[in-house]
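In what follows, chains carry the letters A, B, and so on, assigned in the order in which the sequence lines appear, proteins first and then strands, with residues in each chain numbered from 1.
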Number of protein chains: 2
Amino acid sequence: MNSINTSNNTCIRALRDEERTELLASARSLNFKAGELVVKKGTSVNDLYLLQKGTVELLMDEQRPRQSLMLLFQGEIIGVNCAYSTMNYRFSARALTDCVVLIINYHTFSAYLKQNTEFSMAFIRYISLVNERFLDWHMKLSQKNSAGALAFLLCEFEKSYGQSSFELPLNRSDIARVIGFSKESVLKNLAHFRNEGIVESTGKKVKILDSSRLLDISNYG
Amino acid sequence: MNSINTSNNTCIRALRDEERTELLASARSLNFKAGELVVKKGTSVNDLYLLQKGTVELLMDEQRPRQSLMLLFQGEIIGVNCAYSTMNYRFSARALTDCVVLIINYHTFSAYLKQNTEFSMAFIRYISLVNERFLDWHMKLSQKNSAGALAFLLCEFEKSYGQSSFELPLNRSDIARVIGFSKESVLKNLAHFRNEGIVESTGKKVKILDSSRLLDISNYG
DNA sequence: TTTCAGGGGTGTAAAATTACACCCTTTGAG
DNA sequence: CTCAAAGGGTGTAATTTTACACCCCTGAAA
């Protein structure tokens, strides 16, 4: 059980060794295929879902695939904000890639929060940072034009994957939904980036050639 | 000191009586005039600012008065999210009306978080709810057209003030900044609402006549 | 009293974005 | 092999929003 990798989540690391061992003993790992629903909006929070591997998309509504909240990469607890507010998921999470999710018992987790002050302070810090990132994501996208928003998303992938060459887990319509613009705007801006030599792209394969210029477009928009 | 009203903040109420008394003994009340800067972006968090009375606007940048984050009404702790993440304010807060702010010592507050489990759990719940409201605000505004956004803002004021007739602490340009549209869009939509008999408005005085229709416009947009 | 700045207000032009129509290529099921 | 579906891609029209020009009114300073 100790082989389960939790080192990419800052607040789990704040647990004492024996607590972490015990918590992970009660946890189980689950696999999701790309496209599967990991969390359904409206359901109650019985467990915490730590995304160990893969990328998920948070959605306001599965039906109308209009409003995408943001993307989560490995190391994040999915919908952690809902766990201690309404205790109901306020959005759905869909796997964009094949994912490995660690299911952690909510009550066990809460018990440690009450028991271990170091842990609860680390958790407060963790959710504050998560919410900051959440807000940043939204501020950035809503204040940008279509080119800036696309540049921002590409930069986020580059940062999260840690490499300038990667494969997007999204098709063009998906990208459009995530950044909140039309598919055509995405295509035209991507074509523009290609013509300007800022990125190379064939289908979902993307290589960022001029990272600083892309960041400029992202910040300027 | 016990006369200080803190009952409108849920997490302070979770303190034991003697703790609350002690916390408030070390706190002081401060008045801000409309237009004054309450919190400056980039400064470190040394105290928590509990807004006892009035309305403040959270801004990404004081200089370029473009991006407004959201409005805070009485009972909220200003920038509570920053207190336990970077410990630096990531945005400024400007008083829209005359305000009364209770300055609470950050270290004293943090000491109670570590000491009192009930309080720390209430605080986790509080910041989760605040962030949910933050996110809601942004989701709603960014996905709406100009009419929907204006309707949303008017509904927020109605809700926060608890009455359908009120005086806006914002002129038309301010409204435009807060909802992220142009001044002209605000004026035209307001004129439309007036013509349709949804609101009455002369200058900053607003009376909401058809609350449910306004809510529809807010939700539809 | 005059003047002028600030806010409220409105029509029209300009810009950005979306929607539609359509084409090409790949791929996998029959 | 064939054909249909899905994704990538592009031009053009329609829509939305912004920007500009300008008007009126009020209130405070000269």
Side-chain angles (χ1 to χ4, degrees), chain A residues 34-35 57 64-68 96-97 140-154 166-196 198-207 217-218 220-221, chain B residues 34-35 57 64-68 96-97 140-154 166-196 198-207 217-218 220-221:
Chain A
E57 178 184 9
R64 262 185 305 178
R66 297 228 155 186
Q67 13 210 157
S68 178
L96 285 177
T97 63
K140 293 246 169 75
L141 284 186
S142 63
Q143 310 267 355
K144 280 186 196 320
N145 58 27
S146 55
L150 179 60
F152 170 77
L153 187 72
L154 293 176
F166 51 85
E167 186 157 341
L168 285 169
L170 305 158
N171 67 28
R172 304 303 192 246
S173 302
D174 294 332
I175 296 173
R177 183 186 60 246
V178 171
I179 67 176
F181 286 88
S182 69
K183 175 194 133 192
E184 291 87 343
S185 293
V186 170
L187 283 158
K188 279 158 199 175
N189 283 306
L190 201 54
H192 184 246
F193 291 168
R194 240 185 279 113
N195 293 334
E196 295 281 316
I198 300 170
V199 302
E200 254 174 34
S201 82
T202 42
K204 290 178 178 172
K205 285 193 183 63
V206 174
K207 184 173 184 178
I217 295 169
S218 166
Y220 151 79
Chain B
E57 179 184 7
R64 263 186 306 178
R66 297 230 156 183
Q67 16 210 150
S68 179
L96 285 178
T97 63
K140 292 245 169 76
L141 284 185
S142 64
Q143 309 267 355
K144 278 186 197 321
N145 58 25
S146 55
L150 179 60
F152 169 77
L153 187 71
L154 293 176
F166 52 85
E167 187 158 339
L168 285 169
L170 304 159
N171 66 28
R172 305 302 193 247
S173 302
D174 295 331
I175 297 174
R177 183 187 58 246
V178 170
I179 67 175
F181 288 87
S182 70
K183 176 195 133 193
E184 291 88 340
S185 293
V186 171
L187 283 158
K188 280 158 198 173
N189 283 306
L190 201 54
H192 183 246
F193 291 167
R194 241 186 278 112
N195 293 336
E196 296 280 318
I198 301 170
V199 302
E200 255 174 34
S201 82
T202 43
K204 290 177 180 174
K205 287 193 182 63
V206 175
K207 184 173 184 178
I217 295 169
S218 166
Y220 151 78

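- Following rounding to the nearest Å, A:L150 (CG) and C:dT18 (P) show an atom-to-atom distance of 12 Å.
- Distance from the side chain of B:K183 is smallest to C:dG9 among C:dG9, D:dG8, D:dG11.
- Look at A:S146 and you'll find a side-chain N or O under 4.0 angstrom from OP1 or OP2 of C:dT17.
- Here C:dA19 presents its P atom at 13 Å from CG of B:N145, a figure rounded to the nearest Å.
- Annotation for A:F152 and A:L141: closest pair CD2-CD2, 3.5 Å, computed over non-hydrogen atoms.
- Comparing B:L170 and B:K188 by the nucleotide of DNA chain C that holds the closest heavy atom to each, the one mapping nearer the 5' end is B:L170.
- Note on A:S182: every side-chain N or O is 4.0 Å or more away from OP1 and OP2 of C:dT17.
- Distances shown here put every side-chain N or O of A:R172 at or beyond 4.0 Å from the OP1 or OP2 atom of D:dA6.
- Between B:L153 and B:L170 the shortest side-chain heavy-atom distance falls below 4.5 Å.
- You won't find any donor-acceptor pair under 3.5 Å spanning the side chain of B:K144 and the base of D:dT17, going by distance alone.
- For A:R194, the listed nucleotide lying nearest its side chain is D:dG9; candidates were D:dT18, D:dG9, C:dG9.
- Each of D:dT10, C:dG8, C:dT18 was ranked by its minimum atom distance to the side chain of B:K204; first place goes to C:dG8.
- The closest donor-acceptor contact from the side chain of B:R172 to the backbone of B:G203 lies under 3.5 Å.
- B:N171 has its CG atom 18 Å from the P atom of D:dT26, to the nearest Å.
- At a threshold of 4.0 Å, the pair A:E200-A:K205 does not count as salt-bridged, since none of the basic side-chain nitrogens sits closer than that to a carboxylate oxygen.
- Summarising the geometry, the separation between CG on A:L187 and C1' on D:dG7 is reported as 9 Å, rounded to the nearest angstrom.
- Rounded to whole angstrom, the span from the NE2 atom of A:H192 across to the P atom of C:dT17 amounts to 13 Å.
- To the nearest angstrom, P of D:dT12 lies 15 Å from CD of A:E184.
- A straight line from CZ of A:R177 to P of D:dG7 spans 11 Å, rounded to a whole angstrom.
- Considering all non-hydrogen atoms of both residues, B:P169 and B:T97 come closest at CB-CG2, 3.4 Å.
- Rounded to whole Å, the distance from CG on B:N189 to P on C:dG9 is 13 Å.
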